[in-house]
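Chain identifiers are assigned alphabetically (A, B, ...) following the order of the sequence lines, protein sequences preceding nucleic acid strands; residue numbering begins at 1 within each chain.
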Protein chains: 2
Amino acid sequence: MSEIFETPLLNELQRDSTDPLAEPIVVRNAPEQIVERLVTAVALGVYVPGQALPPERELASLLGVSRATVREALRRMTESGFIEQRRGRNGGSFVLEGWRPSSADLIRRHLLPNWSRFEALFDARQLLEPVIAATAARRRGDGDVAALSQALVDYREATDREESRVADERLHRAVAESTHNPVLVGLSAQIRTRISLELGAEPYTPEIRRVAAVQHGMLAEAVIEQDPGRAHSIALEHFGLTEGLVRDLVARVGEAATRESDG
Amino acid sequence: MSEIFETPLLNELQRDSTDPLAEPIVVRNAPEQIVERLVTAVALGVYVPGQALPPERELASLLGVSRATVREALRRMTESGFIEQRRGRNGGSFVLEGWRPSSADLIRRHLLPNWSRFEALFDARQLLEPVIAATAARRRGDGDVAALSQALVDYREATDREESRVADERLHRAVAESTHNPVLVGLSAQIRTRISLELGAEPYTPEIRRVAAVQHGMLAEAVIEQDPGRAHSIALEHFGLTEGLVRDLVARVGEAATRESDG
DNA sequence: TATTTATGGTCTGTGGACCAGACCTTATAC
DNA sequence: GTATAAGGTCTGGTCCACAGACCATAAATA
């Protein structure tokens with residue numbers, strides 16, 4: 001009887017419909033899932049452009065699949081221009097620099113058509129992250145302080161966009177982990193990943209990085225000093241900033257696109 | 001290039017690890033997913049014990065799979081004692097009454113071993129649902145009032161545990177839907193489903209149902225009257241009640257289990 | 001009572017996904 | 001110049017899902 005409770009619990013954050021039987025079953029085959037994991041890993045900064053993914057044989061054993069399957073995943077990623085495979089000793093699968101479409105292009109082709117989904121995602125983030133931040137401030141333990149300070153230092157020392165992204169991810173994860181609740185950690189990571197993935201390059205201009213650095217500093221500080229109220233309001237403002245930026249960007253590009261199609 | 005953005009976005013709310021490559025790839029095959037959907041549908045009250053699921057051929061076409069695959073899923077569910085299949089005209093796959101293990105049994109065999117996961121889930125719920133409720137109060141439109149009042153009436157008119165569960169689900173969904181944010185609706189539904197699934201029977205004693213009815217009434221009212229602060233605090237209290245109940249239950253059964261194994 | 005019909009139950013052949021593992025090719029390190 | 005660490009190729013096998021035909025049963029209905 002009880003094995004039915006062992007079914008991996010439903011994991012679909014956003015099935016479009018509300019009726020469990022309304023949508024077709026999709027068997028997510030292995031290569032597809034592997035691509036997703038690898039793209040996620042890059043989005044989260046585990047591998048940065050120029051770096052090689054683990055060798056095929058190692059990936060196969062890490063992921064518990066055959067090498068043929070890993071190769072199929074890598075083949076698709078090569079085809080998409082996401083990685084480049086090089087042979088010989090010191091070869092490997094290298095994450096390409098320019099795999100993200102240009103900002104304007106991305107927005108026109110991806111962001112605009114799916115704008116309502118993004119809006120909901122940003123909106124949810126701005127509602128949920130402050131709660132997570134406040135909870136983190138309330139619950140952080142002594143062990144969390146080190147991770148928070150370290151992430152903050154990394155962020156301040158980041159010199160380019162890529163390093164900023166990675167440090168940003170670490171800092172927000174450190175905050176989420178200070179809640180000591182894996183569900184919240186997972187939720188926060190999932191929101192970040194989805195935004196990072198779908199958005200590609202977040203608009204990390206030097207100016208924005210400066211503002212964000214200040215906010216990150218204040219956020220980490222509020223958590224360290226166990227001040228939930230401040231953590232909440234800083235997070236609110238911080239995530240509002242990003243949302244505002246993207247909104248402006250989309251508006252500008254959207255207008256441009258409209259003008260073009262009119263002309 | 002852009003097709004890589006079309007990968008169904010990562011959906012795993014709670015992968016245990018934080019490293020995308022640390023865990024094996026699991027190909028969730030079709031029957032497994034179908035079982036999950038059907039169990040979910042029952043957990044959400046779409047089908048109640050005694051009722052028949054749709055006929056196999058219809059399920060196959062709804063879910064976009066072959067009948068053989070549906071049959072495999074139903075075979076597993078029959079094996080687990082979840083449904084009973086009857087042949088002939090007016091036959092079908094009937095949800096069994098007693099498919100949930102008894103409370104104490106369930107707790108001993110399932111809740112105790114996974115207690116930390118539940119704790120995190122309840123904790124997250126108590127943090128997130130009040131925000132959702134407050135947001136619902138802030139954003140509810142005229143169209144939401146009808147759904148809220150109707151759900152409330154259903155809840156009050158519910159006579160047995162099963163009807164209460166269904167009405168409860170509807171009411172909380174109506175609240176979530178008043179936020180007009182599909183991400184929040186999905187999140188709330190997912191938390192509810194997981195708790196409902198893993199918990200099996202929530203402790204719906206008549207007494208609890210009376211208290212919950214009052215709270216539900218106040219919650220719906222606060223949302224209808226667009227009072228975010230009240231909605232927040234009522235939700236906090238309401239979800240605290242459930243958590244407290246389960247916590248007590250587990251403590252009692254846990255003690256009993258300890259005494260037994262000592263004796 | 002006989003027939004129709006809506007359901008579950010059974011079978012067969014086909015294609016594709018994934019696996020295990022051996023072996024080939026290339027480019028670098030030593 | 002050789003050893004080595006990577007990617008590239010091939011084979012044979014297993015299992016899963018599909019399509020579709022057909023069988024068996026029990027209730028509704030004529």
Side-chain angles (χ1 to χ4, degrees), chain A residues 7-8 21 23-38 41-42 47 50-96 99, chain B residues 7-8 21 23-38 41-42 47 50-96 99:
Chain A
T7 16
L21 301 187
E23 286 184 28
I25 294 283
V26 192
V27 195
R28 320 239 354 271
N29 59 11
E32 196 179 328
Q33 291 187 58
I34 294 171
V35 169
E36 198 178 296
R37 292 252 190 123
L38 292 174
V42 173
Y47 303 99
Q51 190 179 357
L53 304 177
E56 295 177 349
R57 290 166 176 83
E58 191 179 328
L59 277 177
S61 109
L62 273 174
L63 299 173
V65 298
S66 77
R67 203 180 139 217
T69 309
V70 168
R71 281 186 60 70
E72 171 58 22
L74 294 175
R75 196 195 57 70
R76 292 182 195 181
M77 292 171 75
T78 305
E79 216 175 37
S80 317
F82 188 89
I83 57 169
E84 178 195 28
Q85 294 192 288
R86 293 207 287 269
R87 309 174 44 153
R89 188 162 173 164
N90 279 20
S93 309
F94 294 84
V95 179
L96 288 179
W99 73 273
Chain B
T7 17
L21 301 188
E23 285 184 28
I25 294 285
V26 191
V27 191
R28 321 240 352 272
N29 60 10
E32 195 179 331
Q33 290 186 58
I34 295 171
V35 169
E36 197 177 296
R37 291 252 190 123
L38 293 173
V42 173
Y47 304 98
Q51 191 178 356
L53 304 177
E56 296 176 349
R57 290 165 174 84
E58 192 180 326
L59 276 177
S61 110
L62 274 174
L63 299 174
V65 297
S66 76
R67 201 180 141 217
T69 309
V70 168
R71 281 186 60 69
E72 170 58 21
L74 295 176
R75 195 194 57 71
R76 293 183 195 181
M77 293 171 74
T78 305
E79 217 175 38
S80 316
F82 188 89
I83 57 170
E84 178 195 29
Q85 294 193 287
R86 294 207 286 271
R87 312 175 39 156
R89 187 161 174 166
N90 280 19
S93 310
F94 295 84
V95 178
L96 289 179
W99 73 273

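- Nucleic acid contact class of V65(A) (heavy atoms, under 4.0 Å, all strands): sugar-phosphate only.
- Judged purely by atom type and a 3.5 angstrom limit, Q33(A) uses its side chain to pair as donor or acceptor with the backbone of R28(A).
- Shown here are the side-chain contact (heavy atoms from CB on, under 4.5 Å) partners of V27(A), two or more places apart in sequence or in another chain: V27(B), A30(B).
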With sugar-phosphate taken as primed atoms, P, OP1 and OP2 and all else as base, the protein-contact string of nucleotides 1-11 of chain C at under 4.0 Å (heavy atoms; B, S, -) is ----BBBBBB-

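- One atom, CD of E72(A), and another, C1' of dC19(C), lie 14 Å apart when rounded to the nearest Å.
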Solution key, residues 89-96 of chain B side-chain donor-acceptor pairs under 3.5 Å, sequence neighbours excluded:
unit_1	atom_1	unit_2	atom_2	d
S93(B)	OG	Q85(B)	NE2	3.2

List the steps and the verdict of side-chain contact (heavy atoms from CB on, under 4.5 Å) for L53(A) and L74(A).
-> CA-CA 10 Å; L53(A) 304 177; L74(A) 294 175; 4.1 Å; yes

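- Residues satisfying the side-chain hydrogen bond (donor to acceptor under 3.5 Å, both in side chains) test with E84(A), not counting sequence neighbours, are R86(A).
- If you measure from atom CZ of R76(A) to atom P of dA17(C), you get 8 Å, rounded to the nearest angstrom.
- With a cutoff of under 4.0 Å to any heavy atom of chain A, the contacted region of DNA chain D is bounded 5' to 3' by dT4(D) to dT9(D).
- Annotation: side-chain hydrogen bond (donor to acceptor under 3.5 Å, both in side chains) contacts of S66(A) (sequence neighbours excluded): T69(A).
- Between R57(A) and R67(A), the closest heavy-atom pair is NH2-NH1, 3.3 Å.
- Between A52(A) and Y47(A), the shortest heavy-atom contact is O-CD2, 3.9 Å.
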